[in-house]
Peer 1: 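Here you go, one structure.
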Amino acid sequence: MDPDVCPPDHDAKKLAFGSFITIGLLVSYLPQIAKIISIQSSEGLSVYFLFLGSIGMLGTVGNMALLQFPSVMCCAKWTPWLCFENTLGLTQVTVQTACFMTCTLLYYVYFPPAKKHRLLPATDPADPPAIKLSYQWKHSLRLAGTVVVYALLVFIAASVILTRSNGGRDMRAAELFAGFLGLLAMVTSFLQFFPQILHTWRAKSVGALSIPTMLMQCPGSFLFVYSLSIQPGASWTSWLPYFVSGTLQGMLLVLSIWYSYHEPHEMLIDEEESRQPLLEEEGDADGSA
C-alpha cells in the first residue's frame, strides 16, 4: 500500500490503556463462566438476553472489522506491535464477543434438564408417559440457529464488500455496511438487558448471573467506550452500543444486589426436580432457563 495510507501512529499511553481494557474484558467474564460451571445450571439467564447480545456483538465485530480494514492491510508494512496497537479496537470487540459466546454456549450445555423435556400422559394407564423436547428448549435452539445464520451472513457480506474495496482504498460501501451493523448493534444492545431485567425481577433471584462480573463490567463498559472511540477509523456507531449496554447493565446490577441481599442463597434448586422432566404446556414461551 502507499506509505501515505499507512502513516506510523504510535501512542504508548493509548496502547497501555487499550491493552488494560482488553485484559480487563477477559478477566471480567471469568466469574460468570465459573459460576455457570460451578452450579452446573444456567437457571436464571434469559435466552433473549443472550440472543440479542450475540446479535449485537457479532454486528459490532463486523463493524470494527470493516472500519479498521485499512489498518489491517497496513500491518504488512508495520511492526507487529504497531499493527496490534492500530487494530486494538477489533481485538477488543473480538475478545468480548468470544467471552460472551462462551457464556451463551454454557447456557445450552447447562440448560436445566427439568425444563428441557416434558411429559405427555400415556393414553393407556399401563404405559409410561412419553418424554418429548419442551417448547422452551426447542425455542432456545431456534434462537441459536438464528445467531449462527446471522454470523454467516455478516461474514459473507463483509468479505464480499472488502474484496471489492481495492485493497482498502475504496471504503464507501464498507463504511455504509459498517454503519448498518453498528446501528443494529445499538438497537439490540438497547433491548438486550430488558428481558434479563424482567426475568430477574420475576424470579426474585440472581440465579446464574454473576455479580462480580457485573461489578467489573459496569464501570469497565464506559472505559471500553472511551478506548473504542480513540481507535483509528472508529465512529460513534462502534462505541454507542457499549455505552447503552453499560447503562442498562448498571440497572441489572442494582436489581441483582438487592435480590442477593434478600436471598442469601441466590439460587435454590431442587436437585431431584432438576433431574426430572416436568409436565409443561406447549404454549409456554417464556424462553428463559
Peer 1: Test question: given the 4.5 Å side-chain rule for I, L, V, M, F, W and Y, name all other residues clustered with Met216, or answer none.
Peer 2: Ile23, Val27
Peer 1: Between Gln192 and Leu52, is there a donor-acceptor pair closer than 3.5 Å when you use the side chain of the first and the backbone of the second?
Peer 2: no
Peer 1: Can you confirm if the NZ or CZ of Arg164 lies within 45° of the ring axis of Phe177 and under 6.0 Å from the centre of its six-membered ring?
Peer 2: no
Peer 1: Nearest 0.5 angstrom please: Ser54 OG to Tyr150 OH, how far?
Peer 2: 11.0 Å
Peer 1: Using modelled atom types and a 3.5 Å cut-off, is there a donor and acceptor pairing between side-chain atoms of Thr188 and backbone atoms of Ala185?
Peer 2: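 Side chain of Thr188 to backbone of Ala185, a donor-acceptor pair under 3.5 Å: yes, one is there.
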Peer 1: Would you find a donor on one side and an acceptor on the other, under 3.5 Å apart, between the side chain of Gln32 and the backbone of Ala208?
Peer 2: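 At least one qualifying donor-acceptor pair exists.
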Peer 1: If you round to the nearest 0.5 Å, how far is CE of Met64 from OG1 of Thr97?
Peer 2: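 Rounded to the nearest 0.5 Å, the OG1-CE separation comes out at 11.0 Å.
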Peer 1: Which atom pair, heavy atoms only, marks the closest approach of Gly246 to Cys218?
Peer 2: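 Closest pair (atom of Gly246, atom of Cys218, distance): O-SG, 4.3 Å.
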Peer 1: So Val254 and Trp258, do their side chains get closer than 4.5 Å, heavy atoms only?
Peer 2: no
Peer 1: Ignoring hydrogens and angles, tell me if any N or O in the side chain of Ser38 forms a donor-acceptor pair with the backbone of Lys35 under 3.5 Å.
Peer 2: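 Answer holds: yes.
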Peer 1: Say you draw a straight line from CG of Leu26 to CD1 of Ile33; how long is it, rounded to the nearest 0.5 Å?
Peer 2: 8.0 Å
Peer 1: Measure up the Phe111 and Trp137 rings against each other and bin them: parallel (under 30°), tilted (30 to 60°), perpendicular (over 60°).
Peer 2: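 Plane angle between 30° and 60°, so tilted.
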Peer 1: Hey, any chance Tyr259 and Leu198 share a hydrophobic cluster, counting ILVMFWY side chains that come within less than 4.5 Å of each other, even indirectly?
Peer 2: yes
Peer 1: Can you name the closest pair of heavy atoms from Ala151 and Leu58 and give their distance?
Peer 2: CB-CD1, 3.7 Å
Peer 1: Less than 6.0 Å separating the ring centroids of Tyr48 and His139?
Peer 2: yes
Peer 1: Hey, could you give me the CZ/OG distance between Phe243 and Ser189, rounded to the nearest 0.5 Å?
Peer 2: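 Atom-to-atom, Phe243:CZ and Ser189:OG are 12.5 Å apart.
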Peer 1: Walk me through whether Leu143 and Val147 qualify under side chain to side chain contact (heavy atoms under 4.5 Å, CB included).
Peer 2: CA-CA 6 Å; Leu143 291 178; Val147 171; 5.8 Å; no
Peer 1: Can you confirm whether Glu175 sits close enough to Leu67 that some side-chain heavy atom of one is under 4.5 Å from a side-chain heavy atom of the other?
Peer 2: yes
Peer 1: Taking C-beta and beyond as the side chain, do Phe49 and Phe194 meet within less than 4.5 Å on heavy atoms?
Peer 2: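 A side-chain contact under 4.5 Å is absent here.
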Peer 1: Between the side chain of Ser134 and the main-chain N/O of Lys115, is any donor-acceptor distance below 3.5 Å?
Peer 2: yes
Peer 1: Do Ser260 and Ile211 touch side chain to side chain, with heavy atoms closer than 4.5 Å?
Peer 2: yes
Peer 1: Would you say Leu50 ends up clustered with Val148 if hydrophobic residues are merged whenever their side chains have heavy atoms under 4.5 Å apart, either directly or through other cluster members?
Peer 2: no
Peer 1: Hey, quick one: are Ile257 and Ile197 part of the same hydrophobic cluster, counting side-chain heavy atoms closer than 4.5 Å, chains of contacts allowed?
Peer 2: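 Ile257 clusters together with Ile197.
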Peer 1: Please answer whether the main-chain N or O of Ile37 pairs with a side-chain N or O of Gln40 as donor and acceptor at a distance below 3.5 Å.
Peer 2: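 It does hold such a pair.
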Peer 1: Going hydrophobic residue to hydrophobic residue with side-chain gaps under 4.5 angstrom, can you get from Val47 over to Leu105?
Peer 2: yes
Peer 1: Side chain to side chain contact (heavy atoms under 4.5 Å, CB included), that's the test. Do Leu255 and Trp201 meet it? Break it down for me.
Peer 2: CA-CA 7 Å; Leu255 192 64; Trp201 178 73; 4.0 Å; yes
Peer 1: Spell out, yes or no, whether Met101 and Phe155 are grouped together once hydrophobic residues are joined by side-chain heavy atoms under 4.5 Å, including indirect joins.
Peer 2: no
Peer 1: If you take all heavy atoms of Asn86 and Gln68, which pair is closest and at what distance?
Peer 2: O-NE2, 3.3 Å
Peer 1: Rounded to the nearest 0.5 Å, what separation is found between the NE2 atom of His199 and the CZ atom of Phe193?
Peer 2: 14.5 Å
Peer 1: Just so I know, are the side chains of Val95 and Thr91 near enough to count as touching, which here means a heavy-atom distance under 4.5 Å?
Peer 2: yes
Peer 1: Before giving the answer on side chain to side chain contact (heavy atoms under 4.5 Å, CB included), spell out for Tyr110 and Leu45 the whole-Å C-alpha distance, their side-chain angles and the decisive distance to 0.1 Å.
Peer 2: CA-CA 11 Å; Tyr110 293 108; Leu45 294 177; over 6 Å; no
Peer 1: Side-chain contact, heavy-atom cut-off 4.5 Å: Ser42 with Leu106?
Peer 2: no
Peer 1: Run the numbers on Gln136 and Ser140 for side chain to side chain donor-acceptor pair (under 3.5 Å), then give the verdict.
Peer 2: CA-CA 6 Å; Gln136 186 175 334; Ser140 296; 5.7 Å; no
Peer 1: Can you give me the closest heavy-atom contact between Tyr108 and Thr104, atom names plus distance?
Peer 2: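 Where Tyr108 meets Thr104 most closely, the heavy atoms are CD1-O, 3.1 Å.
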Peer 1: Got a second to check how far Leu90's CG is from Asn63's CG, nearest 0.5 Å?
Peer 2: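 Going from the CG atom of Leu90 to the CG atom of Asn63 covers 10.0 Å.
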Peer 1: If you apply the rule side chain to side chain contact (heavy atoms under 4.5 Å, CB included), what do you find for Thr22 with Gln96, and how did you get there?
Peer 2: CA-CA 8 Å; Thr22 305; Gln96 183 172 26; over 6 Å; no
Peer 1: Atom CZ of residue position Phe180 - does it have more than 12 heavy atoms of other residues, nucleotides or ligands inside 6.0 Å?
Peer 2: no
Peer 1: Is any side-chain heavy atom of His117 less than 4.5 Å from a side-chain heavy atom of Leu133?
Peer 2: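 They are in side-chain contact.
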Peer 1: Which heavy atom of Cys103 sits nearest to which heavy atom of Ile36, and what is that distance?
Peer 2: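 Scanning both residues completely, I find the closest heavy atoms to be O-CD1, 4.3 Å.
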Peer 1: Measure SG to SG for Cys75 and Cys83 and state whether it is below 2.5 Å.
Peer 2: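 Yes, the SG atoms sit under 2.5 Å apart.
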Peer 1: Can you name the closest pair of heavy atoms from Val154 and Gly62 and give their distance?
Peer 2: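 Where Val154 meets Gly62 most closely, the heavy atoms are CG1-CA, 4.3 Å.
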Peer 1: What residues, two or more places apart in sequence or in another chain, satisfy side-chain hydrogen bond (donor to acceptor under 3.5 Å, both in side chains) together with Ser28?
Peer 2: Gln217
Peer 1: Could you tell me if the ring centre of Tyr226 sits under 6.0 Å from that of Phe17?
Peer 2: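 Centroid separation for Tyr226 and Phe17: below 6.0 Å.
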Peer 1: Hey, does Met214 have a side-chain heavy atom less than 4.5 Å from the side chain of Gln249?
Peer 2: yes
